[in-house]
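Single-structure report; data block below.
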Amino acid sequence: MKIATWNVNSLKVRLPQVLDWIETHRPDVLALQETKLTDENFPRDEMLAAGYQVVHSGQKTYNGVATLSRSPATDIITDAPGLDDPQRRILGTTIDGVRILNLYVVNGAEVGSEKFAYKMDWLEKVTALIERERRDHEDYIVLGDFNIAPTDEDVYDPEKCQERILCSTAERQALQRILDLGFTDTFRLFEQQPATFSWWDYRHLAFRRNRGYRIDLILASPSMAQRCKATWIDQTPRKLERPSDHAPVIAEFEDR
DNA sequence: ATGGTGGCGCGGCCA
């Protein structure tokens, strides 16, 4: 089973790239973030023609999460309890018996800002949701754009980024609280090249200089981590014309 | 250096 995540930064713009990519990689599940589309504008027919079922929780202009899958998705949720939130950032589905929680974590702007406080509150409520759902789903994957670089290894210049957004102790502790529920960052199950990132700012030639961050993660429950054969970041789409600022991440799991 | 780039959508917000 291949499970992937990709922040596409507008599915309207990136649709041809996404269709090419799923044709090449044939993931069983692809979690998308930042679709920036209402549900009625989602390119459902194109995805169906490519062999993928679609669940989307979107809004105009901002945010939006979609989960594409070769098998149908059931038990769909689009919110966490206590998060009375119009922002479309959460999409839970069950696909081939695996619970998949697709997240577009709040960016948080700047440490100490109002948006940062909101990010912390949002993460707390999502963590409570995961904790509750975990009891009913042994095979559980949490994936998406976490807007948190787990460690200094996941940042191009740790000193420059110290205690700044994406890297602060508070954000890393919030991620650790999810990991403490029994999840593994599957990328780190395997030997990786140093300075392998999943997001680079559009500005200052950051991609060419590899000034990036690894903030797109695939977390696995113990039963899934045990079956994980490989996790890698596909930087090919980031090199295309008019790319997303994020690269897709793929994890491959042995079948039960 | 408070800039810079990109998306949405047409002014200003968000990342």
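Chain letters run A, B, ... following the sequence lines, proteins first, then strands; residues in each count from 1.
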Counting only side-chain nitrogens and oxygens, does A:Arg14 get under 4.0 Å of the OP1 or OP2 atom of B:dG7?
yes
Determine whether the side chains of A:Glu34 and A:Asn7 contain a donor N or O and an acceptor N or O closer than 3.5 Å.
yes
To the side chain of A:His204, which of B:dG7, B:dG4, B:dA15 is closest?
B:dG4
Measure from the side chain of A:Lys36, starting at C-beta and using heavy atoms only, and say which of B:dC8, B:dG4, B:dC13 lies closest.
B:dC8
Using a 4.0 Å heavy-atom cut-off, does A:Tyr104 contact any base of the nucleic acid, only the sugar-phosphate backbone, or nothing at all?
sugar-phosphate
To the nearest Å, give me how far apart CG (A:Asn63) and C1' (B:dC8) are.
13 Å
Same-atom distance (P) from B:dG6 to B:dA1, integer angstrom
25 Å
Separation of B:dC14 P from A:Ile165 CD1 (nearest whole Å)
14 Å
Rounded to the Å, how far apart are A:Asn41 CG and B:dG7 P?
18 Å
Donor-acceptor pair between A:Asn210 and A:Trp200 side chains, under 3.5 angstrom:
yes
Given B:dC13, B:dC8, B:dT5, the nucleotide with the shortest approach to the side chain of A:Val13
B:dC8
Going by the salt bridge (charged side-chain N to carboxylate O under 4.0 Å, His left out) test, name the single residue among A:Arg256, A:Arg134, A:Arg99 that passes it with A:Asp139.
A:Arg256
Would the number of heavy atoms belonging to other residues, nucleotides or ligands and lying under 6.0 Å from CD of A:Glu110 be above 12?
no
Can you check the distance between B:dC10 and B:dT5, where both ends of the measurement are the P atom (answer in whole Å)?
23 Å
B:dC13 phosphate, OP1 or OP2, under 4.0 Å from A:Thr61 side-chain N/O
no
Write down the distance separating the P atoms in B:dG7 and B:dT2, rounded off to the nearest Å.
26 Å
Distance check, C1' atoms only: B:dG4 and B:dA15, in whole angstrom units.
13 Å
Atom-pair distance (CD on A:Glu34; P on B:dT5), nearest Å
19 Å
Mind calculating the distance between CG (A:Asp201) and C1' (B:dT2) to the nearest angstrom?
14 Å
Between A:Gln87 and A:Arg242, who's closer to the 5' end of DNA chain B by nearest nucleotide?
A:Arg242
Could you state the CG-P distance from A:Leu37 to B:dG9, rounded to the nearest angstrom?
9 Å
Starting at atom OH of A:Tyr202, determine the distance to atom P of B:dT5, rounded to an integer number of angstrom.
13 Å
A:Glu114 CD to B:dC14 P, straight-line distance once rounded to whole Å:
11 Å
By nearest nucleotide on DNA chain B, pick out whichever of A:Asn9 and A:Ala109 is the more 5' one.
A:Asn9
Please give me the minimum heavy-atom distance between A:Ala225 and A:Ala220, naming the atom from each residue.
N-CB, 3.7 Å
Base, sugar-phosphate alone, or nothing: which one does A:Arg89 contact when heavy atoms must sit under 4.0 Å apart?
sugar-phosphate
Closest heavy-atom pair and its distance - A:Phe116, A:Ile165:
CD1-CD1, 3.6 Å
For the side chain of A:Lys12, counting heavy atoms from C-beta on, which of B:dG4, B:dC8, B:dG7 is nearest?
B:dC8
